[in-house]
Amino acid sequence: MCAQPVPNTTEIRWQKVLYERQPFPDNYVDQRFLEELRKNIHARKYQYWAVVFESSVVIQQLCSVCVFGVIWWYMDEGLLAPHWLLGTGLALSLTGYVLFDLLDGGEGRRKSGRTRWADLKSALVFITFTYGFSPVLKTLTESVSTDTIYAMSVFMLLGHLIFFDYGANAAIVSSTLSLNMAIFASVCLASRLPRTLHAFIMVTFAIQIFALWPMLQKKLKACTPRCYVGVTLLFAFSALGGLLSISAVGATLFALLLVSISCLCPFYLIRLQLFKENIHGPWDEAEIKEDLSRFLS
Amino acid sequence: MAYRGGGGRRHGPSAAFHPVSPGRLFTCRTPTHNICMVSDFFYPNMGGVESHIYQLSQCLIERGHKVIIVTHAYGNRKGIRYLTKGLKVYYLPLKVMYNQSTATTLFHSLPLLRYIFVRERVTIIHSHSSFSAMAHDALFHAKTMGLRTVFTDHSLFGFADVSSVLTNKLLTVSLCDTNHIICVSYTSKENTVLRAALNPEIVSVIPNAVDPTDFTPDPFRRHDSITIVIVSRLVYRKGTDLLSGIIPELCQKYQDLNFIIGGEGPKRIILEEVRERYQLHDSSKIRVRLLGALEHKDVRNVLVQGHIFLNTSLTEAFCMAIVEAASCGLQVVSTRVGGIPEVLPENLIILCEPSVKSLCEGLEKAISQLKSGVLPAPEKIHNIVKTFYTWRNVAERTEKVYNRVAGETVLPMDKRLERLMSHCGPVTGCIFALLAVFNFLFLTFLRWMTPDSLIDVAIDATGPKGAWINQYPYSRKRGRNKTR
Amino acid sequence: MEDELSFSDIYGGRLALQRRYYSPSCREFCLSCPRLSLRSLTAVTCSVWLAAYGLFTLCENSMILSAAIFITLIGLLGYLHFVKIDQETLLIIDSLGIQMTSSYASGKESTTFIEMGKVKDVIINEAIYMQKVIYYLCILLNDPMEPNGISQVVPVFPSAKPRLDCLIEVYRSCQEILAPGKATSTSP
Amino acid sequence: MVLKAFFPTCCASADSGLLVGRWVPEQNSAVVLAVVHFPFIPIQVKELLAQVQQASGVGVAVLGTWCHRRQEPEESLGHFLEGLGAIFSHEPWLQLCRERGSKFWSCKATHRQVPTSPSAPGEDQVMLIFYDQRKVLLSQLHPPTALPDHQAGDATASTRGLAAVFDTVARSEALFRSDRFDEGLVRLSHWQSEGVEASILVELAKQASGPVCLLMAYLLSLISAASTCRVFKLWPLSFICSKLSTCEQLRHRLEQLTFIFSTQKAENASQLMRKANTLVSVLLDVALGLTLLSWLHGKDRIGQLADALVPVADPSSASSVVVYWAYCGQTGLCGQEPSQAECPWLLRVAQLRGRRKESLGAGKEWVAEELQHLLQWLMGAPAGLKMNRALDQVLGRFFLYHIHLWISYIHLMSPFIERILWHMGLSACLGLTVALSISDIIALLTFHIYCFYVYGARLYCLKICGLSSLWRLFRGKKWNVLRQRVDSCSYDLDQLFIGTLLFTILVFLLPTTALYYLVFTLLRLLVVTVQGLIHLLVDLINSLPLYALGLRLCRPYRLSAGVKFQVLEHEAGRPLRLLMQINPLPYNRVVHTYRLPSCGCHPKHSWGSLCRKLFFGELIYPWRQRGDKQD
């Protein structure tokens, strides 16, 4: 029975078992209490530059949103001829398409087993649908007030940035959702443009910059990291330039944002690692290491 | 409809496991308490917590205490029922939010609970299971009313993800001024102390128990082919995925190996797929049998059909299943998680790492032992295990806790607020201190609305002046009035 | 013989219990709660009329006042006739039956008579009522299908909810009549 | 156990004699039915009882003696009564005795052979229960007990408790037949010993009812034969008949009449009651209908009604609409240059016309014109809502065109409408309910609203479904049909693009359609509500059990929910005296028990599901005919 603590507890060692009655009270606290407590088992060490390199994906996405905004502003002001944008867009996407295959010698395509005919078909689908719907898009939101549209598209672009797949496996990441939000925003903005052609071209451009460009980026990052960094810098500076041509203040703010994301945040991440403290012990729910799907396939 | 005591009839056999004789003898020795067990989980719901509450209450009644149970209404089972030996159960009409746990607003349950505490002259509130919102509500109200509180934690929690962080915070708040906490194993004690940032002195370890008379080995067991039994809910936490890996491995290795799997759950489909894929249920001999959900009384009959019991849980505070299996004389193979290593001595259990490989090795070891016949006889195992865990022992140790708590003082309001604010962090502490103040005001309002003098003092069915006499249920009231 | 005791209901209001023993085989328990007090009546009426007058000052429409008067009158009548129960009577006649009468403030009476053949027993039961847990006296009717089943539970004194002490008084003297009655009625 | 003696109040003043009644052993109670007066010859009494017994199947016997002391008690009578016990042996032997002056009676029951009950030496406790024989005889217990079959044995077995008493009294009418004017050899006193209660009218009606029933039944069979001939079975006719509520009413009325005049007798009380109820309700219905008829065919109310019912059908508005529509047509539906220009113009025309009409002073309501105004309003920016103008124009013109069609239809119909109404009015002589089923006419006259509603609902439903599925695509999910749940799914780029494009478009077009849908749904609901109210009224008239209610009102004891007892004041040592009264059935239970089946059109779904249907744009027909309720 668990009676009152008998004096000779020194020689009778307390042992962590339930099945035998020990001469200790039920609330006895041994010095071996919490001895299996472990801390920061899975804590990872980060390299500063590696983190900076990883953060470039975020930079890219921010810049593409910024570029999209700038282009839309130019077209809304009428400073940018739609044909010119169409031409450059087509040229760029063609080069990107060629690059896309050249980079990995086309074995990515072989893996996915996607034919060029399929690419052509989807391209045709894009063009035809956008062109067919552009009059509708034009008159779609004319009775909705402009501020509503702006608010909606800003919200959607933010959502695009939030849900974008930056390579981290979190619950909220959903590339589909982010792409759809971007397209929604582009449609909203396009419906504000003066002419039907403008709307058409704006939407195509949105496709290029939100759907195709990230795919190319991924491949670049995988194959040639060095030139990927170069491309990122180039892209960032072009975005900054475009923004500068619209408003200096916006440009400075944007530059600050980029710098803080690419340099400060990694720094803090590494600093805060020191204060990390998460507890492990026998009570943790054991996770299953090996994959069990092999038994079911 | 109290006299309908359906529960009493259903669980009667499992309760009447020893003669009623010693009941009154203890009462002279120790002071008796009026104990109110509060939890969302009780019969007709089935599980470890439920049976724990039921058996513990029965033993406490036998030791001359007055015990009542408060839980929420299950379906049309509302109101007040009497179970075996006059165990009185209040099924309160509260809304159930998420798997059998009531929604908590921290206030809506106060009027009823206060009424019950007053009319039953409760002195000690004993809440069970940290998953039950009602239990935490009861603790909160009891402290406001200045009653002594005990809490039993039946489960383990991690510290990793957001949800567990939040629940740990709530647990901290609700336990920071609770008089005493009971855990079912040392691991669970460590866990609780860490989660709720408690002083380990006020945390007692009292294991669960099994009723050895319910789990006796089958004297004539067939030895033609080896059978492995698994009895658990088929969910992720119980490691059903591991099971789906183990079954094909072993079935391909040993041709005379069968599996019996009792239990229901979302992961059942995986096992069925495995069975399909490896043709383990051909018409000639079914090698993997899925029995589906089991009644508590059928468990023994399933267990004694096998030779080896396999437990693949990923986390357990105190695994009752392996004790039951061992008590039925089976060789137990289990994962080394949570409090399981503390439960059985090494010669009765084979502990493995939670992976398919290690578990297979453990099982093969068990099989080889079985074939070579070095395993002790089931009756021998039963006789060993029988001495480990009994409800009477649990009741005695719980009674000690009650006695100790009865000696302590409940924090007055100001002290309580201070403790909340000092102990639970600035934000949460303040919020809950405010809530406590509101709760107190609400209580004073209720006292003004219906003063305690207006509340009829209930007639004890159990306890020192218990009026319960085992007649047929209808004439209960008359019997009661004769005794007064 | 007749005597009168005073008890209180679960809200603390006063109740008067009159017991009439007509004969060893016939008893009557009459539980009467206080009548509608003039104070509360005037209070309600005045409040309604004040509200009506406030409305009237807002929008000059004399319809409101007349409407208020009508509403109070109709409400009072309805209350007296359908809601306010002044007296509840329980009449037990051995080997004949149990009769429950509840008389409203307007004098309307509603009676239900339960034959002794249907009555299984009279017990005190507990129930969760609103935010309270109360005791109440109830009559168990046995259902013709199976011998010791209960088809229905009829509560006694449903409107005036007396406290336990009062119930026990009534319960005891009910059992004095019922207990032998049950013995013989169950014999054939 | 106490011995209960049920004693009829009418015998309380009878002279001394023998108590005749039935002894119910299982609850040891004696039901006294009558008192036999002196002088009598025991043999004859026994004969009489034997006759009654084999006539009624009730075990009637002599239960004891009854002595009513008017003058000072004489022992001789007492002894004589004692002696009678020897002649008519009965267990136990009752001795009721009423002194002059005092209200308290003495009663004792003695057992002959004492050893049977050693505990009570011959005597045991007696309780006197007075009952009004007439009421008990006429009243009918609810819920009815097992129907009394005429073998005494299992009749007593079937009826238990107080039902046995009622049963006894009800079945021993043979005893009550003899009153004191027929020179029977035995003088009884009971509730109609002062003369049999009967009325000439009732007897005459009973005599007359037979042939009338025969005749009517013959006629009705002819009618029904005619109605079932093959012509009505042809597809369109049968379909229309199933839909028109007038036909429903006629069919129902036919059923009612056939039921009333069915020649076979009603075997049990409930069916009799039902017949009576049906008869009364039909009579009342016809009476109401006739009053309506007389009122209608008074000074040209038909015409006014017709004018009130016909929506505007005068050339001016129609022509204006035609002009307007033509204009819309030739401006073309290509969507630009919307009709901002001509809206004010048309409004002005409308106002002018409205004023002219008011000057003409026919208080008509201009359904079609109001609809046009509504559409104009919708085609503008209604309530400052952000609607897509192009779609708005298209929908608006579409509906305007419909109104035009509608008006021309009214043109065709307008000459006949008055005559139709007149004939409908004639149909009122078949009863108010038939006349009230003008909901058909309402349905006909508001056909265009129904059409609008259907178009709007279909469009809206389409939009909602599209949006819901596209929203799933937008979130990168898809509906798994096999598992009945939403799975995540990876789409191709072009699928995503097109899906999102359509999603955007639908989202921005939703308010327009939703508004149209809303407006026309409201109109539809209005119409439906009116129809529903009419249906309810008809249902009420058809199904209210008037006869039963009347009985409950005038003869409360006829329908009894049970009995209630009242303790008469009593003094110690004397037997307890109770007064048994009939507890009348409450009104709600009367209605509940005797509701007549009616061709009720019952609300198909609850409010929640109705709102749900409305939200998802499914069509609603809240009033369903009896026919499809059965299958």
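Just so we're on the same page: letters track the sequence lines, and every chain starts at 1.
Contact tally against chain A (heavy-atom pairs below 4.5 Å) for D:Leu391, D:Asp494, D:Asp492, D:Val507: the top residue is D:Asp494. Across D:Leu509, D:Leu501, D:Leu473, D:Thr500, the residue that shares the most heavy-atom pairs under 4.5 angstrom with chain A is D:Thr500. Heavy-atom pairs under 4.5 Å with chain D peak, among A:Thr176, A:Val187, A:Asn180, at A:Asn180.
Residues D:Leu493 and A:Leu179 are in side-chain contact: their nearest non-hydrogen atoms beyond the backbone lie under 4.5 Å apart. When side chains are defined from C-beta on, D:Ile498 counts as touching A:Val125, because their heavy atoms get closer than 4.5 Å. With a 4.5 Å cut-off on side-chain heavy atoms, D:Phe508 and A:Cys188 count as touching.
With rounding to the nearest 0.5 Å, the separation of NZ in D:Lys477 from OG in A:Ser174 is 6.5 Å. Distance check, rounded to the nearest 0.5 Å: CZ of A:Phe129 to CZ of D:Phe497 gives 9.0 Å.
At most 12 heavy atoms of other shown residues, nucleotides or ligands fall within 6.0 angstrom of atom CZ in D:Arg612. Around atom CZ of A:Phe155, no more than 12 heavy atoms belonging to other residues, nucleotides or ligands sit under 6.0 Å away. Applying the 6.0 Å contact sphere to OH of A:Tyr131 captures no more than 12 heavy atoms from other residues, nucleotides or ligands.
For D:Leu502, the part lying under 4.5 angstrom from a heavy atom of chain A is the side chain only. At a 4.5 Å heavy-atom cutoff, the contact between A:Phe126 and chain D is made by backbone and side-chain atoms alike.
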